[in-house]
> 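There's a structure below that I have some questions on.
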Amino acid sequence: MAPDFPPLKNDLLLRAARGEVTERAPVWVMRQAGRYLPEFRKVRESHEFFEVCRTPELATEVTLQPIERYTGLLDASIIFSDILVIPQAMGMEVQMNPGPYFPHPLDTPTDVGKLASVVNVDKELDYVFKAITRTRKCLGGEVPLIGFCGAPWTLFGYMIEGGGSKTYQKAKTWLFKYPEESKALLAKIADVCVDFLVGQVKAGAQLLQVFDSSAGELSPHDFSIFSFPSLKYISTNVRRRLAGDNLPATPMTLFAKGANHALASLAEHSGYDVLGLDWCIDPVEARRIVGEKVALQGNMDPNVLYGGRDAIESAVQRMCQGFQAGEGGWIANLGHGITPGVDPEDLKWFFECVHKYSSRS
C-alpha cells in the first residue's frame with residue numbers, strides 16, 4: 001500500500017520536466033544538501049558520511065537543510081544519498097575519506113564473481129527508501145522530492161578504478177581488452193539501477209535523475225557502445241515497471257556530463273524527459289539541437305559562485321536569456337554539483353537572480 005503524502009503545493013519542477021513553458025524557471029542545485037552548508041558540516045562532525053546516508057532520520061535532516069535555509073527560493077529537494085550505494089549493495093566495500101575509496105576494486109573480470117549474484121534492493125537499500133518516505137512526509141508538500149542513481153558506466157569506473165580517476169586507465173583497459181565482459185557488468189549494474197529507481201518511486205520520489213558524471217571520458221563511439229545502451233535500458237525498464245505496478249508516470253532526467261556530442265541522439269532515443277547540461281554548451285545551441293523533444297536542465301558553471309554577486313547576476317541573466325530564447329521546459333541548475341567552498345549567501349543570490357531573470361510575467 002502506497003504511503004499517504006501531503007498534497008504538493010509547488011509543481012513547477014514537474015511541469016517543466018514534462019516540457020511545459022513555466023511562469024518562471026524552477027530551480028535547484030546538484031549537491032544542494034552538502035558541505036557548503038555549516039549546518040551540514042555540524043551533522044558530519046559526529047556522523048560518518050555513509051552513516052548519514054544509512055540513517056533515515058539523518059538523511060531526512062540534511063535533505064531538508066537547504067529547503068529550510070532557502071525558504072521559498074528552491075523548487076525541489078533531492079534525497080541525501082550517494083551514487084555509490086549501488087556498488088555497496090552489490091557487495092563492494094566503499095569508504096569515504098574524504099573522497100570515495102574501494103579497498104578491493106575489480107581488477108579483472110574474474111573479480112565480478114565476488115559480487116552478489118542477486119541483489120535484493122528492498123533489503124540492501126531499504127534505508128534509502130525509508131529516508132525518501134520520511135522526507136516526503138516532512139516536506140509537507142512544499143516542493144517535489146527527487147530520487148537518483150549513478151549511471152552504469154560511471155559506477156563501473158569507480159568499481160574498477162577503486163575511486164575517482166583522472167585517466168580511467170583501468171576502466172578503459174576493461175572496455176578495450178574485455179569488451180563483452182564489460183558489457184555484462186554494465187548490464188548487471190543497470191538491472192540494480194532499475195530496481196533501485198522503481199523502489200524510490202514506490203517510496204515517494206516524484207522525479208528521478210540518472211547521473212552519468214563520467215560520460216565525457218568516453219569518445220562518441222565508445223559512449224554509444226558502453227554507456228548509451230544501459231541508459232536506454234534504464235529508462236525503458238523503469239517506465240515499464242512503473243506502468244506494470246500502476247505507479248505514477250514519473251519524469252526522468254539524464255545528466256550525461258561532458259557528452260554534449262550525444263545531445264541529438266539522447267533527445268531522440270534515450271527515453272528521458274529532461275537532459276541535464278554541463279556549462280560547456282550554450283543553451284541556445286542545446287535547444288537548437290534537441291528542439292522540443294525534451295526539457296533541459298542547467299547549466300551555470302558552479303565556479304561562477306566564487307566570482308561575487310555581479311558575476312553571478314550576469315551569468316544567471318545570460319543563462320536565462322539563452323534557455324528562454326526557444327520553446328520547451330527548462331529547469332535552472334548548475335552545470336555540475338555545488339562545491340564545498342561556496343558561501344551559502346552567494347548561492348541564495350543565485351536563486352534570487354534565477355527568480356528575477358527567468359520570470360515571464
> With distance as the sole test, does Q32 use its side chain to make a donor-acceptor pair with the main-chain N or O of V29 at under 3.5 Å?
yes
> Looking only at heavy atoms, which two atoms of V194 and Y233 are closest? And how far apart?
CG2-CE2, 4.0 Å
> I'd like to know whether the aromatic ring centres of Y272 and F255 sit less than 6.0 Å apart in this structure.
no
> State, to 0.1 Å, how close F5 and A203 come at their nearest heavy-atom pair, and which atoms those are.
CZ-O, 3.3 Å
> Ignoring hydrogens and angles, tell me if any N or O in the side chain of E48 forms a donor-acceptor pair with the backbone of F50 under 3.5 Å.
yes
> Are Q317 and C353 side-chain neighbours, meaning at least one heavy-atom pair lies under 4.5 Å?
no
> Is any side-chain heavy atom of S358 less than 4.5 Å from a side-chain heavy atom of W330?
yes
> Using atom types as modelled and distance alone, determine if a side-chain donor or acceptor of W279 lies under 3.5 Å from a backbone N or O of P302.
no
> Once you measure the plane-to-plane angle for F156 and W174, does it fall in the parallel (<30°), tilted (30-60°) or perpendicular (>60°) bin?
perpendicular
> If you measure from CG on N260 to CD1 on I289, what distance do you get to the nearest 0.5 Å?
7.5 Å
> Run the numbers on V238 and V201 for side chain to side chain contact (heavy atoms under 4.5 Å, CB included), then give the verdict.
CA-CA 10 Å; V238 167; V201 174; 5.7 Å; no
> Go through the steps for V210 and L208 under the test side chain to side chain contact (heavy atoms under 4.5 Å, CB included), then give the verdict.
CA-CA 7 Å; V210 176; L208 299 171; 6.0 Å; no
> Would you check, one step at a time, whether the test salt bridge (charged side-chain N to carboxylate O under 4.0 Å, His left out) holds for R241 with D195?
CA-CA 9 Å; R241 290 266 301 276; D195 289 345; 2.9 Å; yes
> Can you confirm whether more than 12 heavy atoms, excluding those of D245, are under 6.0 Å from its CG atom?
yes
> Give, for atom CG of N10 and atom CG of L8, the distance between the pair rounded to the nearest 0.5 Å.
6.5 Å
> Linking I/L/V/M/F/W/Y whenever their side-chain heavy atoms sit closer than 4.5 Å, directly or via other members, would Y101 and L115 fall into one cluster?
no
> Could you walk me through whether L231 and S235 satisfy the side chain to side chain contact (heavy atoms under 4.5 Å, CB included) test, starting with their C-alpha distance in whole Å, then the side-chain angles of each, then the deciding distance to 0.1 Å, before giving a yes or no?
CA-CA 7 Å; L231 296 171; S235 66; over 6 Å; no
> Verify, without hydrogens or angle tests, whether W349 (side chain) and R309 (backbone) share a donor-acceptor contact under 3.5 angstrom.
yes
> How many angstroms lie between atom OG1 of T133 and atom CG of D4, to the nearest 0.5 angstrom?
12.0 Å
> Is it possible for you to say whether V284 and V21 belong to one hydrophobic cluster, with membership spreading through side-chain heavy-atom contacts below 4.5 Å?
no
> Are I83 and Y158 close enough that some pair of their side-chain heavy atoms sits under 4.5 Å apart?
yes
> Look only at the side chain of D212 and the backbone of W153, and say whether a donor-acceptor pair between them is shorter than 3.5 Å.
no
> Can a donor-acceptor pair be found, under 3.5 Å and without considering hydrogens, that links the side chain of H104 to the backbone of E93?
no
> Does the pair R24/D75 count as a salt bridge with the N-to-O cut at 4.0 Å?
yes
> In sequence, state the C-alpha distance, the side-chain angles, and the governing distance for T55 and Y127, and then conclude on side chain to side chain contact (heavy atoms under 4.5 Å, CB included).
CA-CA 7 Å; T55 308; Y127 60 87; over 6 Å; no
> Around atom CD of Q169, are there more than 12 heavy atoms of other residues, nucleotides or ligands at under 6.0 Å?
no
> Can you name the nearest heavy-atom pair linking P26 to L12, along with the distance?
CG-O, 3.8 Å
> Could you tell me if the ring centre of F223 sits under 6.0 Å from that of H261?
yes
> Distance-only, no hydrogens or angles: does the S314 side chain make a donor-acceptor pair with backbone N or O of A311 under 3.5 Å?
no
> Any donor-acceptor pair under 3.5 Å linking the side chain of E161 with the backbone of A171?
yes
> What distance do L106 atom CG and K170 atom NZ have between them, rounded to the nearest 0.5 Å?
11.0 Å
> Let me confirm one number: the CZ-CZ distance from R41 to R35, rounded to the nearest 0.5 Å.
10.0 Å
> Checking K348 side chain against R69 main chain: does a donor-acceptor pair fall under 3.5 Å?
no
> Could you tell me whether the side chain of V62 reaches within less than 4.5 Å of the side chain of R44, counting heavy atoms only?
no
> For K183, I'd like to know if atom NZ has over 12 heavy atoms of other residues, nucleotides or ligands within 6.0 Å.
yes
> Should Q321 and Y357 be marked as a side chain to side chain donor-acceptor pair (under 3.5 Å) after you check the CA-CA gap, both sets of side-chain angles, and the distance that decides it?
CA-CA 8 Å; Q321 288 171 345; Y357 289 108; over 6 Å; no
> Determine the minimum heavy-atom distance between R136 and G204, stating which atoms define it.
NH1-O, 2.8 Å
> To check you understand the geometry: which heavy-atom pair defines the closest contact between L74 and P66, and what is its length?
CD1-O, 3.5 Å
> Looking at V342, is its backbone amide N or carbonyl O close enough to the side chain of Y306 to form a donor-acceptor pair, meaning the two atoms are under 3.5 Å apart?
yes
> In the structure I gave you, are the side-chain heavy atoms of T71 and E142 within less than 4.5 Å of one another anywhere?
no
> Got F176 and D222 here, is their nearest side-chain heavy-atom distance under 4.5 Å?
yes
> Drop me the distance from R287's CZ to L296's CG, to the nearest 0.5 angstrom.
4.0 Å
> Restricting to non-hydrogen atoms, name the atom on V354 and the atom on M319 that form the minimum distance, rounded to 0.1 Å.
CG2-CE, 4.3 Å
> Would a 4.5 Å heavy-atom cut-off, applied to side chains only, mark Q200 and T250 as touching?
no
> So do V118 and N120 actually touch side chain to side chain, heavy atoms under 4.5 Å?
no
> If the plane angle is over 60° it's perpendicular, under 30° parallel, otherwise tilted; pick one for F351 and Y70.
perpendicular
> Is it true that D273 and R239 have a side-chain N and a carboxylate O under 4.0 angstrom from each other?
yes
> Are the charged groups of E39 and K42 less than 4.0 angstrom apart, N to O?
no
